[in-house]
Structures are given as C-alpha cells and as structure tokens.
Amino acid sequence: MAAKRILLGITGGIAAYKSAELVRLLKKAGLEVRVVMTRGAEAFVTPLTFQALSGEPVRTSLLDPEAEAGMGHIELAKWADQVVVAPASADFLARLAQGMADDLLTTVCCATEAPIAVAPAMNQAMWKNFRTQRNMSLLAEDPQITVWGPDQGEQACGDTGPGRMLEPDALASWILADATRATVGALAGKRVVITAGPTREPIDPVRYISNHSSGKMGYALARAAADAGAQVVLVSGPVNLPVPDGVAVRPVMTAQDMLQEAERVVAEGCDIFIATAAVADYRPAACAGDKIKKTDEAMTLSLVRNPDTLATIAARKNPPFTVGFAAETTDVARYANDKMQRKKLNMIVANDVSVPGLGFNSDQNAVTVFWPSGEQAIGPDSKQAIADTLVALIAEHSNKVGNS
Ligand code: PMT
C-alpha cells in the first residue's frame, strides 16, 4: 500500500459522529489511524470514542506541553502518509484556504508534506455562500489538497441541498483507493471524471422528458478506470446500478445539474473527462408548478436548448483530456468525427445504436473509437470488456498528449 498512515482531522459539525464509523472501516482495512480533533469537534463527540476505535491517543491541543514533549505537531505532520479532514467545517476550510496555523489541525496541515483530503460538511446555505465558494476555489488551486464531496440531500437542520458529508463507506473507499492504487495501473494517480446515465427534464411535478440510457456503459468505464489506478468521480443521472468499489458518485437529475456538478468536480482536479451520458438536448421552457390536466385539445410543449457539459469542459482554459461518446443510427463515422471537431475533443467513441441488442440499456456494445490521426473498432463484447479496452486506449493517448 502507498498510504498506510492516516491522520484523521475532525472539526466541529454534527457529521463528526459519522467519523467514528470511518475510523472503524479504516482500521478494519488494516490502516493505521491517528485522530486530531478541534475544540468544535469535541462539542459533538468525545475524544475517548476515537481513542477506543483507533487504539491511539487522540490529540486536541496545539499547546499541550505533555503531548508536545512526546509527539509534537511536526512529528505528527511527518508521521502521516495522508491527512483526511472529515467533517471539514466552513470555518476550518476558510482557515485552511488562508494557510492559518492557529490550532493543532491547521498547524499539522501547514507542516505536513502528505496529501490532504477534505470532506466538507455544512448547511446548504453555508456551502453555497459566496465566501465559502471563494475559499473552495482557493483550495481547488492547491495541488496538495483534494476535495471529496459534499453530497446532496436532507440535512440535520432540516434543509435539503448540497453540504452533507460523504458517507463513511464512500470516504473509506476513496482513502483505500489512494492507499492501494496510487502507484500501480495505467491510470495511477490520475483523476478521472465520467458522466453517465440519462438526464430527466421535468414537464410538471409528475412527468419528465428522458431517454433509454441505463448508465451501464459509464459505470463499466468507472470500474475499469478505478481498476487501472485512477481516482474516479461519476457524475450520474438517475440509474439503478451499484456503485463500483472505490468510485465516488455525484448524483444529478437534469442537464443543467449535470453541467453544474461536472464543472465543480473538474475544478477540484481532473486529468481525463469522459462523457458517456445521454444528456437531453432540450428541456421544457418552463416546468409547471402543478400537474398539467389533460383536455380534449392537442398539446404543444415549448422546448429550449440545454447546455452542453462536454463542450463546456473541453473549452476550459486548461482542459482535461476529453473523450466524448456519440450514439448514432446512420453515417456513424461522419457524425462522430464531426462531433469530435465541433466540441474540440481528444477522442470520440461512436456506437451504432441501430444494431439490435447493442447500445442503450444493453449489457453488450460495439464501438469505434476515433482520434485525430486514427481509429480502432472494439467489440461486439460486454460493456465491461469494451470499457477495459477503452481505458487502456485512453491511458495511452492521454499520456502522449501529457508528454508532448
Ligand atoms: O447508458 P447505457 O444504457 O449503457 O448506454 C450507453 C450510451 C449508448 C448512452 C453511450 O454509449 C453513448 O453513446 N452516450 C452518448 C449518447 C449521445 O448520443 O450523445 P450525443 O450525441 O447527444 O452527445 C455527444 C457527446 O456530448 C456525448 O459524450 C454526451 O455525453 C455529450 N453531451 C451531449 C449533450 C449535452 N447537453 N451535454 C453533453 O455533455
């Protein structure tokens, strides 16, 4: 394993109780864990809980003469192979972004050369707040720091939205993925972001426009990329599939959500962006507040264009290696090459979805991959086998671009 010694920082937030489960999972996986708690964290969970679970004394104070005489903050900073702060409060993230060192945890973060991962946890309004987002932008530019999450959903305060800490099993799988895969595999050390599944564009509270994408192709690629050593984030529309081990998921619903979430994840660091999602090109101009009642008259829906996630990511100032997909029924090669040029992609994977049993919602596929100077046909085969070959091809070509 590349990273065996995990220094877990816990800051003040209700999600602190979940970190007890995180420590248990990491210990069970054979990692050494030491815990540093802030004063705010101690208000939610006692150090004794973490001492019992980690089997190590818990450090809480920078100015503790006894602890500093034994293992001082510098030794703690040197001991860690990986620092993980979960939950990371808005206050801690602000202090980290500014490089402050006014308590033990921020001091260790300043002193360590180990990678630092933070798992934000806060109320949705605090997460969306301009100043928090400004701090997150600063952290996104920091090569030592990775941001895991936050998740969306119901919050302890009763609000719903982004700001929940990722669940302990998701965090444990990120930490283990780092620990076990950081030095092996064709995509070792790379961050890969994959869009998958369909989007749903609401017409009213009970109806939506969507398509037949199951997410299988995208999830198979996520598994293949994680197996090749990458840190993988799936930005996933609504699907009914298990999440591959070691892969983080950011669930989205509409094309607009997908763009917003993909931009956020890519800003956190992304070497390769793969768009398998079947994104709705149009959405209803307005979503009715109440269920639309049927009448005897014909009905016309007014649609507007959705934003294009892949083209937006490819147009960034320093874009990742971008791979698009094209599902076509006629003139597959011509349309796919046209999309690659128009969206300024490094590669495009074309499926002929007119072939029965292949493409949408099937376990099988057959694709032709195009890049500016060549092409390669893969399959027919299972989507997982195709994904494995695709990942090898993407690793080879992205390395060439990276080395040129
Ligand atoms: O999910 P499965 O059931 O396994 O099926 C897999 C698949 C057939 C959906 C997949 O292999 C596939 O081909 N996905 C692309 C579908 C498509 O037709 O995309 P497109 O031609 O509309 O878009 C081209 C590219 O731009 C795609 O990479 C797409 O993700 C991206 N795009 C498109 C529109 C948009 N608003 N945003 C985008 O990011």
Side-chain angles (χ1 to χ4, degrees), residues 193-201 209-224 234-241 244 252-263 265-266 270 272-283 303-316 319-370 378-387 389-390 394:
V193 179
I194 301 173
T195 66
T199 62
R200 284 183 188 168
E201 311 300 326
I209 298 172
S210 192
N211 59 61
H212 293 294
S213 170
S214 62
K216 287 177 185 172
M217 194 66 238
Y219 277 57
L221 270 165
R223 178 185 300 261
L234 262 172
V235 179
S236 175
V239 299
N240 194 10
L241 295 171
V252 296
M253 200 56 84
T254 66
Q256 288 173 299
D257 295 343
M258 185 165 274
L259 173 65
Q260 195 185 21
E261 198 58 33
E263 284 197 295
V265 180
V266 168
C270 173
I272 297 170
F273 184 82
I274 309 174
T276 69
V279 187
D281 289 321
Y282 295 87
R283 67 178 184 277
L303 302 178
V304 294
R305 277 301 297 264
N306 265 328
D308 190 311
T309 297
L310 175 60
T312 307
I313 300 296
R316 285 173 72 86
F321 186 87
T322 45
V323 182
F325 268 67
E328 305 293 346
T329 52
T330 55
D331 245 343
V332 177
R334 186 163 65 85
Y335 286 131
N337 274 296
D338 176 56
K339 272 181 197 168
M340 177 165 67
Q341 279 169 18
R342 218 169 358 99
K343 299 194 185 196
K344 300 192 169 43
L345 310 178
N346 298 100
M347 219 179 221
I348 194 150
V349 183
N351 346 215
D352 182 349
V353 289
S354 68
V355 181
L358 298 183
F360 281 98
N361 198 15
S362 154
D363 291 326
Q364 304 287 117
N365 209 358
V367 301
T368 307
V369 189
F370 298 93
I378 311 173
D381 211 330
S382 69
K383 282 186 176 166
Q384 191 58 61
I386 289 180
T389 309
L390 269 176
I394 290 168

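What you see is a predicted model; the values in this text were computed from it and never measured. Numbering of ligands and ligand atoms starts at 1, following listing order.
Within the structure, ligand 1 lacks Gly197 among the residues with a heavy atom less than 4.0 angstrom away. The shortest heavy-atom distance from Ala255 to ligand 1 is not under 4.0 Å. Residue contacts with ligand 1 do not include Pro198, since none of its heavy atoms lies under 4.0 Å from the ligand.
Scanning all protein heavy atoms for the shortest distance to atom 30 (O) of ligand 1 gives Ala277 O, 2.6 Å. Atom 37 (N) of ligand 1 has as its closest protein heavy atom Thr309 N, 3.1 Å. Of the protein's non-hydrogen atoms, the one nearest atom 36 (N) of ligand 1 is Pro307 O, 2.9 Å. Here the heavy atom of the protein found nearest to atom 38 (C) of ligand 1 is Asp308 OD1, 3.3 Å. Nearest protein heavy-atom neighbour of atom 39 (O) of ligand 1: Leu310 N, 2.9 Å. The shortest contact between atom 17 (C) of ligand 1 and any protein heavy atom is with Ala327 N, 3.7 Å. If you check which protein heavy atom lies closest to atom 35 (C) of ligand 1, you get Val279 CB, 3.5 Å.
The environment of CD in Gln260 is sparse: at most 12 heavy-atom neighbours from other residues, nucleotides or ligands sit within 6.0 Å. Arg283 CZ: more than 12 foreign heavy atoms inside a 6.0 Å radius. Atom CG of Asp331 is surrounded by more than 12 heavy atoms from other residues, nucleotides or ligands within 6.0 Å.
When every heavy atom of Phe321 is checked against every heavy atom of Met347, the shortest pair comes out as CE2-SD, 4.3 Å. For the pair Thr330 and Tyr335, the tightest heavy-atom approach, listed with the atom from each and the gap, is O-CD1, 3.1 Å.
Panel note: side chain Asn351, backbone Ala326; a donor-acceptor pair is recorded below 3.5 Å. Using modelled atom types, one side-chain atom of Thr199 and one backbone atom of Ala280 make a donor-acceptor pair closer than 3.5 Å. A donor-acceptor pair under 3.5 Å is formed between the side chain of Glu201 and the backbone N or O of Ala255. In this structure, Asp338 contributes its side chain and Arg334 its backbone to no donor-acceptor pair below 3.5 Å. Panel note: side chain Asn211, backbone Ala278; a donor-acceptor pair is recorded below 3.5 Å. Panel note: side chain Asn346, backbone Thr322; a donor-acceptor pair is recorded below 3.5 Å.
Short contacts between ligand 1 and Ala275, defined as distances under 4.0 Å to a heavy atom of the residue, involve ligand atoms 27 (C), 28 (O), 30 (O). For ligand 1, the atoms closer than 4.0 angstrom to any heavy atom of Met217 are 4 (O), 6 (C), 11 (O). Close contacts of ligand 1 with Gly324, meaning ligand atoms under 4.0 Å from a residue heavy atom, involve 28 (O). Heavy-atom contacts of Asp281 reach the following atoms of ligand 1: 34 (C) (cutoff under 4.0 Å). Taking every non-hydrogen atom of Ser213 and a distance limit under 4.0 Å, the qualifying atoms of ligand 1 come out as 1 (O), 2 (P), 3 (O), 9 (C). Ligand-side atoms of ligand 1 in range of Thr276: 9 (C), 10 (C), 12 (C), 14 (N), 15 (C), range being under 4.0 angstrom from any heavy atom.
Comparing Lys339, Lys343, Lys216, Arg342 against atom 21 (O) of ligand 1, the shortest heavy-atom distance belongs to Lys339. Nearest-heavy-atom check against atom 25 (C) of ligand 1 across Phe325, Phe360, Tyr219, Tyr335 picks out Phe325.
At a heavy-atom distance under 4.0 Å, no atom of Val349 approaches ligand 1. Proximity of Asn351 to ligand 1, defined as any heavy-atom pair under 4.0 Å, is confined to the side chain (atoms from C-beta onward). Using a 4.0 Å cut-off between heavy atoms, Lys383 contacts ligand 1 through its side chain alone, with no backbone atom that close.
Within the 4.5 Å cutoff, the side chain of Leu358 has heavy atoms near those of the Asn365 side chain.
Among residues two or more places apart in sequence or in another chain, the salt bridge (charged side-chain N to carboxylate O under 4.0 Å, His left out) test is passed with Asp308 by Lys343.
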